[in-house]
Amino acid sequence: MTLLHLDHADTLQLPVTGDGPFNILHTLWKPSHYATGLEAHTRESSWRTFRVGDLTAGVRLRYEDRTVIADIHTDGDYKPHHREQLTARLIASYGLDEDAAAFTALAEQVPAMREPLAALAGMRQSCPEDYFEIAVIALLLQNTTVSRTTTMTRNLLTHHGKLVHFDGITLRAWFTPAELAAVTAATLKEKDRLGYRANSLPAFAAFFTDHTSDELAGEDLVEVFQEIKGVGPYTAAVMASHASRDPSVFGIDVWNRKILARRIFDAADADPTAITRRMNDLFPGHAGTAALYLVEHEYLNAPVAPLLDPAGIGAWNQALEATAA
């Protein structure tokens, strides 16, 4: 893998137009998210890579006066349609136009939400991945530990993605569906150590090569995603809720089930159906956002991937660049 240097191409100023408070730190950085090398966060700035059409883009994000400032770096000819796509992607990825006031009004009435709301007020869901990338992550999260998922993600991105440097930071970047389609199931199993997922991932690559995110917009995503080999109702629901940013939907797994049971029932565990019903009763139309707050607050003091100390960026870069040797 060759280290690719990206050149500055643009600076976007994206106003936060949605009602309610906006928390830039916890919108961009989620304490529960595992490390991928696709993004890095300090308290003042965040860096993230995107695939936008035929370009690989690196974006530095910062915040001033209720405006997200995005410095764009790319590996090719940055054209107006790239600017339009990236602008729309950033607004959608971080919910800059979403109304947080309605959720906040509901959450203020629920005792279990008092501490999460005080710590995370204004946090939006963050989903910078496109539909294909969401699907890959959902597959890698199936029936396994965070440690195993982290390893599989690192293997895929190291072997089939890109390594880029921009604005003083080195990050990994995704592969496209077409790029992954050239990889055999045998390679995915033996080299990338994906186990049974090696048989499903080529089907993901084929599906998303033929179906773009624009084409899927407006479709019943839970139903459509189940057309992909290896995708069942739970994985399809996780994919769809993240892709559509539906504030009412959330997936329940063994980890967040126990967190939610403890917070809303004061119990060690609970049936997923009971949790879903109670969350919808407490937060009608916003159960997914409420679940996000409860889960992220649980990890706040012991994040899976802590914030990066600016003094440690050099060591971060060296660690990632060593994988290119």
Side-chain angles (χ1 to χ4, degrees), residues 30 32-39 48 50-51 89 92-93 125-157 160-161 172 174-177 179-181 183 185 188-189 192-213 215-217 219-257 259-260 272 276 287-289 291-292 295-296 299 304-305:
K30 297 295 190 293
S32 74
H33 287 189
Y34 66 94
T36 61
L38 295 165
E39 59 188 20
R48 170 79 199 199
F50 295 85
R51 298 299 298 268
R89 179 108 173 247
S93 292
Q125 182 190 107
S126 56
C127 189
E129 295 81 16
D130 66 16
Y131 287 8
F132 168 64
E133 295 159 3
I134 291 168
V136 173
I137 290 173
L139 178 67
L140 298 182
L141 285 167
Q142 278 183 355
N143 305 317
T144 192
T145 64
V146 171
S147 176
R148 174 87 170 102
T149 297
T150 301
T151 298
M152 291 188 290
T153 304
R154 182 178 63 243
N155 289 346
L156 280 173
L157 292 172
H160 312 297
R172 296 189 177 105
W174 277 103
F175 39 80
T176 66
E179 289 166 354
L180 192 66
V183 182
L188 295 170
K189 183 174 183 179
D192 301 314
R193 313 297 293 176
L194 298 192
Y196 73 86
R197 298 165 187 80
N199 295 320
S200 300
L201 205 51
F204 280 48
F207 180 87
F208 287 101
T209 298
D210 294 336
H211 300 79
T212 67
S213 295
E215 292 170 346
L216 292 170
E219 297 288 333
D220 182 342
L221 295 178
V222 174
E223 181 177 336
V224 170
F225 288 155
Q226 289 184 73
E227 297 174 8
I228 308 170
K229 179 183 175 183
V231 176
Y234 170 75
T235 301
V238 171
M239 292 162 56
S241 64
H242 282 77
S244 64
R245 300 186 64 86
D246 187 339
S248 69
V249 178
F250 61 99
I252 299 180
D253 57 32
V254 67
W255 296 284
N256 66 19
R257 187 185 75 213
I259 293 171
L260 297 175
T276 300
T289 304
L292 175 70
V295 170
E296 296 307 328
Y299 285 89
V304 177

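The model shown is predicted, which means the values in this text are computed figures rather than measured ones.
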Spell out, as yes or no, whether a donor-acceptor pair under 3.5 Å connects the side chain of [X] to the backbone of [Y].
X	Y	value
Gln125	Thr289	no
Thr212	Phe208	no
Arg172	Gly161	no

*Nearest heavy atoms of Leu260 and Ala291, plus distance in Å*: CD2-CA, 4.1 Å

*Minimum heavy-atom separation for Ala185 to Asn199, with atom names?*
CB-OD1, 4.2 Å

Atom pair [atom1]/[atom2] of [X] and [Y] - distance to nearest 0.5 Å:
X	Y	atom1	atom2	result
Phe50	Glu129	CZ	CD	8.5 Å
Met152	Leu201	CE	CG	10.5 Å
Lys30	Tyr299	NZ	OH	14.5 Å
Thr153	Tyr34	OG1	OH	3.0 Å

So, do [X] and [Y] sit near enough that their side-chain heavy atoms are less than 4.5 Å apart?
X	Y	value
Arg154	Thr36	no
Phe250	Val295	no
Ile259	Glu296	no
Leu156	Leu194	yes
Leu188	Pro202	yes

*asked:* Restricting to side-chain hydrogen bond (donor to acceptor under 3.5 Å, both in side chains), what partner residues turn up for Arg148, sequence neighbours left out?
replied: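 Applying side-chain hydrogen bond (donor to acceptor under 3.5 Å, both in side chains) to Arg148 gives none.
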
_Residues His160 and Asp192: side-chain donor-acceptor under 3.5 angstrom_ =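 His160 vs Asp192: donor-acceptor pair found between side chains.
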
*Using the side-chain contact (heavy atoms from CB on, under 4.5 Å) rule, take Phe175 and Leu157 through it: C-alpha gap first, then chi angles, then the decisive distance, then the call.*
CA-CA 7 Å; Phe175 39 80; Leu157 292 172; 4.2 Å; yes

*Contacts of His211 that satisfy ring pair (Phe, Tyr, Trp, His ring centres under 6.0 Å) - sequence neighbours left out*: Phe207

*Those residues that, when tested against Glu223, pass salt bridge (Lys or Arg N to Asp or Glu O under 4.0 Å) (two or more places apart)*: none

_Among residues at least two apart in sequence or on other chains, which ones pass side chain to side chain contact (heavy atoms under 4.5 Å, CB included) with Glu39?_
His41, Arg48, Pro128

*asked:* Suppose we screen for side chain to side chain contact (heavy atoms under 4.5 Å, CB included). Which residues come up paired with Ala203, at least two apart in sequence or across chains?
replied: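 With neighbours one apart ignored, the set is Ile228, Lys229.
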
Result block: side-chain N/O donor-acceptor pairs under 3.5 angstrom for residues 132-141, not counting sequence neighbours:
{"unit_1": "Glu133", "atom_1": "OE1", "unit_2": "Arg89", "atom_2": "NH2", "d": "3.3"}
{"unit_1": "Glu133", "atom_1": "OE1", "unit_2": "Asp130", "atom_2": "N", "d": "3.0"}

